[in-house]
Amino acid sequence: MAFTTVPFAAGSPVGRYSVDVAHERTGSGEPLVLLHGIGHHRQAWDPVLRILAAERDVIAVDLPGFGASPALPYGLTPDLRTTVGVLGSLFDALGVVRPHVAGNSLGGLLALELGRRRMVRSVTALSPGGFWTRGERRYAFGVLRAMRGAALAMPMPLVEGLSRSVPGRAVLTSTIYARPGRRSPDAVVSETVALREATGFRRTLDAGLTVAFTDDVPDMPVTIAWGTEDRLLPRRQGVRAKRLIPGARLVRLPGCGHVPMSDDPAAVARVILDTSR
């Protein structure tokens, strides 16, 4: 598995800038790009990488301002239009033409927008953002801010101590996982650090205050999958998504939370592979 940071020029409404995006690439087959949620990093996909890489050329991306990717340069707002433009430039830099894409939460919203713009071959969106009511968005953003505040406030010895027990891992991650005990202590510490060090968190969250996905994504395989135990974005939002994208396949992920990849890796990998056939 190769990890690298790719510098490239990306277009934006206010000109072209140099952008660095970190990613890991592994496997062989048709290209598949994986996009994580806000405050997370590419390692969110680790539980499913080996399964996917058996059939796909998998590219797990750290979105700008998260993980090992620096925030977008000053003057670039990390809104939907700009971030999708950056991803399109990344595809060009990697020599990838219309890959399959799977995304979770913010990454799911980005995946759907890439599909709407015909920049990808298929879309798998796991609990995507953008299908909320105003109250649901306010709740979700409030929870995310609280999680970020807690990650910033907790000293590392406390984080490391909590990570060593199942109840402690639940304290740290039960908002996004239905089965936090399945996360390893190292993974929980790593993602807590990723949340506290996410330089793009505030600007990205602010850019989402007015976001709503309201368009169809026709003539393309689209799957929208929702965990039945999602505590951040309730699964009824999946029903709204299906109404807006009637050709999409709506899939329930029993016993899974908002970030389902570690709750049930086999089910999530199967959904992604089935969509990208």
Side-chain angles (χ1 to χ4, degrees), residues 21 23-25 30-42 44-45 48-49 52 56-67 69 78-92 94 96-132 204 207-208 211-227 230 232-233 237-238 240-242 244-251 253 256 258-261 268-277:
V21 173
H23 71 280
E24 292 181 13
R25 191 167 189 173
E30 294 185 353
L32 167 66
V33 175
L34 304 177
L35 306 174
H36 61 76
I38 189 169
H40 225 145
H41 55 177
R42 67 186 185 279
W45 297 97
V48 298
L49 269 186
L52 297 176
R56 299 286 180 271
D57 171 15
V58 181
I59 303 165
V61 174
D62 275 332
L63 293 170
F66 301 97
S69 291
D79 55 18
L80 202 57
R81 178 181 178 186
T82 299
T83 305
V84 165
V86 167
L87 291 170
S89 297
L90 174 65
F91 298 167
D92 292 341
L94 296 176
V96 173
V97 179
R98 294 193 71 222
H100 303 284
V101 64
N104 172 227
S105 196
L106 167 63
L109 172 62
L110 291 166
L112 287 167
E113 181 65 12
L114 286 163
R116 189 185 71 82
R117 298 190 189 192
R118 315 299 298 172
M119 295 169 65
V120 294
R121 303 183 208 185
S122 72
V123 174
T124 306
L126 310 174
S127 296
F131 299 98
W132 40 51
T204 301
V211 168
F213 197 88
T214 59
D215 296 312
D216 193 6
V217 185
D219 305 320
M220 176 181 302
V222 176
T223 296
I224 297 166
W226 229 284
D230 194 327
L232 189 66
L233 299 180
Q237 296 179 24
R240 294 186 201 127
K242 171 67 175 175
L244 285 164
I245 310 171
R249 180 176 62 135
L250 180 60
V251 175
L253 296 172
C256 290
H258 183 65
V259 180
M261 292 83 82
V268 170
R270 184 170 61 251
V271 167
I272 294 171
L273 291 172
D274 285 349
T275 306
S276 61
R277 296 292 180 200

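Asp230 places a side-chain heavy atom less than 4.5 Å from the side chain of His258. Taking the side chain as every heavy atom from C-beta outward, Pro260 and Trp226 never approach each other to under 4.5 Å. Side chains of Val86 and Pro64 form a contact here, defined as non-hydrogen atoms less than 4.5 Å apart.
The side-chain hydrogen bond (donor to acceptor under 3.5 Å, both in side chains) check on Arg117 picks up Glu113, with sequence neighbours excluded. For Asp57, the salt bridge (charged side-chain N to carboxylate O under 4.0 Å, His left out) partners two or more places apart in sequence, or in a different chain, are Arg25. Partners of Thr275 by side-chain contact (heavy atoms from CB on, under 4.5 Å), not counting sequence neighbours, listed by chain and number: Ser122, Thr124, Pro221, Thr223, Arg249, Val271. By the salt bridge (charged side-chain N to carboxylate O under 4.0 Å, His left out) test, Arg240 pairs with Glu136, sequence neighbours left out. Shown here are the side-chain contact (heavy atoms from CB on, under 4.5 Å) partners of Leu244, two or more places apart in sequence or in another chain: Phe131. Every residue two or more places apart in sequence or in another chain was checked for a side-chain hydrogen bond (donor to acceptor under 3.5 Å, both in side chains) with Ser69, and none qualifies. Partners of Thr204 under the side-chain hydrogen bond (donor to acceptor under 3.5 Å, both in side chains) rule, at least two apart in sequence or in another chain, do not exist in this structure. Among residues two or more places apart in sequence or in another chain, the side-chain contact (heavy atoms from CB on, under 4.5 Å) test is passed with Arg270 by Ala267, Asp274.
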Enumerate donor-acceptor pairs with a distance under 3.5 Å from any side-chain N or O in residues 30-37 to protein atoms, sequence neighbours excluded.
from: Glu30; atom 1: OE1; to: His100; atom 2: NE2; distance (Å): 2.6
from: His36; atom 1: NE2; to: Leu63; atom 2: N; distance (Å): 3.0

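Annotation: salt bridge (Lys or Arg N to Asp or Glu O under 4.0 Å) contacts involving residues 211-220, sequence neighbours excluded, comprise Arg116-Asp215.
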